Amino acid sequence: MSVSVVTSERLVGRDMQARVGMSVKLTEQAMERRRENGRQDPSKGGTGTIVKVHPNWTVDVMWHNTKRVRVGYACGTAAGKVRAFHLALVSDEFGDRPETEWNRCKTGVLPSRAPFV
């Protein structure tokens, strides 16, 4: 299975930490993986809102076109292993948090146990 990561998108988990309330869309990586497994697009081509962030670097999203919550979208690392990035940021109602020594991404992938980098 070949999965590519498009760098022009701002990926949730790579470029910023997932937060409840973020407006997101599925990445090309997520769509490619769904096509390979013969699964449908749960977003129906639209955007969604993150409604829950789990400690295992997955999130639950309510898709605006279907009004359904789907669970378990991968967004980063877990136990030191790089996972898939299935969500790209559309907008964040809280705005970007300013980078500080404690939340700045140092390795290109957000650490799973920040701020202990």
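Heavy-atom basis, side chains included; hydrogens, waters and symmetry copies ignored. The model shown is predicted, which means the values in this text are computed figures rather than measured ones.
Residues T27 and L11 meet the side-chain proximity criterion, which asks for heavy atoms closer than 4.5 Å. Under the 4.5 Å side-chain criterion, counting only non-hydrogen atoms from C-beta, V53 is not in contact with R19. M31 places a side-chain heavy atom less than 4.5 Å from the side chain of D41. At a threshold of 4.5 Å between non-hydrogen side-chain atoms, the residues V69 and V61 do not count as touching.
A18 and V12 get closest at one heavy-atom pair: CB-CG1, 3.5 Å. For the pair V24 and W63, the tightest heavy-atom approach, listed with the atom from each and the gap, is O-CZ3, 3.9 Å.
Annotation: the span from R70 atom CZ to L26 atom CG amounts to 10.5 Å, rounded to 0.5 Å. Considering SG of C75 and CZ of R14, their distance stands at 13.0 Å, rounded to 0.5 Å. Atom CG of residue L89 and atom CG of residue D15 lie 9.0 Å apart, to the nearest 0.5 angstrom. Distance check, rounded to the nearest 0.5 Å: NE2 of H54 to CG of D60 gives 3.0 Å.
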Tabulate below the donor-acceptor pairs under 3.5 Å that side-chain atoms of residues 44-51 make, not counting sequence neighbours, or state none.
| from | atom 1 | to | atom 2 | distance (Å) |
| --- | --- | --- | --- | --- |
| T47 | OG1 | H64 | ND1 | 3.0 |
| T49 | OG1 | H64 | NE2 | 2.8 |

_Intermediate values then yes/no, side-chain contact (heavy atoms from CB on, under 4.5 Å), R68 and M62_ = CA-CA 5 Å; R68 296 186 66 189; M62 185 193 72; over 6 Å; no
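Judged by distance alone, with hydrogens and angles left aside, the side-chain atoms of Q29 form a donor-acceptor pair with the main-chain N or O of F85 at under 3.5 Å. No side-chain donor-acceptor contact under 3.5 Å links T66 to the backbone of S43.
Remark: R35 engages E28 in a salt bridge (Lys or Arg N to Asp or Glu O under 4.0 Å) (not counting sequence neighbours).
In terms of hydrophobic clustering, with Ile, Leu, Val, Met, Phe, Trp and Tyr side chains grouped at heavy-atom distances under 4.5 Å, V20 and V59 are assigned to a common cluster.
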